[in-house]
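Worksheet: one structure, shown below.
Just so it is clear, the values below take in all heavy atoms, side chains as well, and ignore hydrogens, waters and symmetry mates.
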Amino acid sequence: MARFMCMAFVGIIAVALMQCTAAQTVHVVGDNLGWTVPSTGASAYSTWAANKRFVVGDILTFNFATNEHDVVQVPKASFDACSDDNEIGDVITTGPANVSLSATGEQYYICTIGRHCLAGQKLAITVVATADSPLPSPSPTTPTTPSPTSGTTDACAPESGPTASPTPSGSSPAGTNAPATPNSSSSAVFASFLLSISALVMGLIF
């Protein structure tokens, strides 16, 4: 009887933890591109976001090298104008940066360095309450990026992929140069870990 009770207890705990972990997904913004000035303009990030479902509790990982880029949430008007006026929260200057999605609705993120936003380093997403929530209908207009003014010294050429790998703490040691893992998911990693621990506990008990 004690053996059955122990197995039932471990099973209930395992199922409960798996249910909790399924609610959170880590989205590496741009996948292999990372958070940089895309060579294709803003369409790179709008295309990336169109294939994702963002749910309250998920995490956006902006994978960038510190002092080369930053990220801040802004209202739609500031997003459209590529202006860091009316920032929502603080500018995050240390990469990679993890941003928890805590509210539903449209959310807008830009890079405030130089003319990076004007060159396409901006992201618009729609966050839903639960994974079962219906996705909102697509916007009838495609986001546009104003072309940078010629002769400006702040404009920069598009850069290659990310130079730092995401870490759960939101920062990485200096000199880390590993590419991001596309479509990473914390729930899959945690579920695998949980199953391994459960198997170990069961082996020790029986």
Side-chain angles (χ1 to χ4, degrees), residues 24-31 33-130 133 135-159 162 164 166 169-172 180:
Q24 183 186 59
T25 300
V26 176
H27 302 278
V28 179
V29 175
D31 292 330
L33 176 64
W35 184 240
T36 189
V37 178
S39 60
T40 58
S43 66
Y45 292 113
S46 60
T47 300
W48 174 83
N51 297 318
K52 307 285 186 252
R53 176 183 280 273
F54 302 98
V55 179
V56 170
D58 286 356
I59 296 172
L60 294 178
T61 296
F62 291 87
N63 196 9
F64 62 92
T66 301
N67 298 325
E68 289 184 23
H69 302 286
D70 62 23
V71 64
V72 67
Q73 185 177 0
V74 294
K76 184 172 184 353
S78 296
F79 175 83
D80 290 339
C82 280
S83 166
D84 60 351
D85 293 340
N86 305 315
E87 298 166 350
I88 302 171
D90 296 326
V91 176
I92 303 171
T93 58
T94 304
N98 291 328
V99 175
S100 295
L101 302 177
S102 58
T104 60
E106 294 181 358
Q107 296 185 18
Y108 304 93
Y109 300 90
I110 65 171
C111 178
T112 66
I113 294 180
R115 300 179 60 81
H116 292 192
C117 178
L118 289 171
Q121 193 173 1
K122 55 197 270 183
L123 172 68
I125 63 170
T126 301
V127 181
V128 295
T130 65
S133 299
L135 288 174
S137 58
S139 173
T141 58
T142 304
T144 58
T145 301
S147 62
T149 307
S150 60
T152 304
T153 58
D154 287 339
C156 67
E159 300 171 6
S169 65
S171 61
S172 64

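Taking every heavy atom of both residues into account, Gln24 and Ile59 meet most closely at NE2-CD1, 3.3 Å. Across all their heavy atoms, Phe54 and Ala49 have their closest contact at CE1-O, 3.8 Å.
Classification of the His69-Phe64 ring pair by plane angle, with boundaries at 30° and 60°, yields perpendicular. In this pair, His27 and Trp48 present their aromatic rings perpendicular. The plane angle is above 60°, beyond the 30 to 60° band.
Residues Ile125 and Leu60 meet the side-chain proximity criterion, which asks for heavy atoms closer than 4.5 Å. Within the 4.5 Å cutoff, side-chain heavy atoms of Phe79 are placed close to those of Lys122. The shortest side-chain heavy-atom distance between Leu123 and Phe62 falls under the 4.5 Å cut-off. Using a 4.5 Å cut-off on side-chain heavy atoms (C-beta onward), Val56 and Leu101 make no contact. A 4.5 Å side-chain heavy-atom check between Pro75 and Ile88 finds at least one atom pair inside the cut-off. Side-chain contact between Ile92 and Val99: present, with at least one pair of heavy atoms (C-beta onward) separated by less than 4.5 Å. No side-chain heavy atom of Ile110 sits under 4.5 Å from any side-chain heavy atom of Val71.
Between the side chain of Thr66 and the backbone N or O of Gly95, at least one donor-acceptor pair lies under 3.5 Å. For Ser78 (side chain) and Val74 (main-chain N/O), no donor-acceptor pair under 3.5 Å exists by modelled atom type. Using a distance-only test at 3.5 Å, with no hydrogens or angles considered, a donor-acceptor pair links the side chain of Ser43 to the main chain of Thr40.
For CG of Asp90, the number of neighbouring non-hydrogen atoms (other residues, nucleotides, ligands) closer than 6.0 Å is 12 at most.
One distance of note links NE2 of His116 with SG of Cys82; it measures 11.5 Å at 0.5 Å rounding. To the nearest 0.5 angstrom, Gln107 atom CD is 7.0 Å from Ser102 atom OG. In this structure, CG on Asp70 lies 10.5 Å from SG on Cys117, to the nearest 0.5 angstrom. Taken from CG in Asn98 to OG1 in Thr61, the straight-line distance is 4.0 Å, to the nearest 0.5 Å. Distance check, rounded to the nearest 0.5 Å: CG of Leu33 to CG of Asn63 gives 10.0 Å. Rounding to the nearest 0.5 Å places OG1 of Thr112 at 7.0 Å from CD of Glu87.
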Quick one, Arg53 with Val55, criterion side-chain contact (heavy atoms from CB on, under 4.5 Å). Give me CA distance, side-chain angles, the key distance, then yes/no.
CA-CA 6 Å; Arg53 176 183 280 273; Val55 179; 4.0 Å; yes
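Ion pair Lys52/Asp31 flagged as a salt bridge, since at least one NZ, NE, NH1 or NH2 atom sits closer than 4.0 Å to an Asp/Glu carboxylate oxygen.
The distance between the ring centers of Trp35 and Tyr45 falls below 6.0 angstrom.
Under the 3.5 Å distance criterion, with hydrogens and angles disregarded, a donor-acceptor pair is assigned to the side chains of Ser83 and Asp85.
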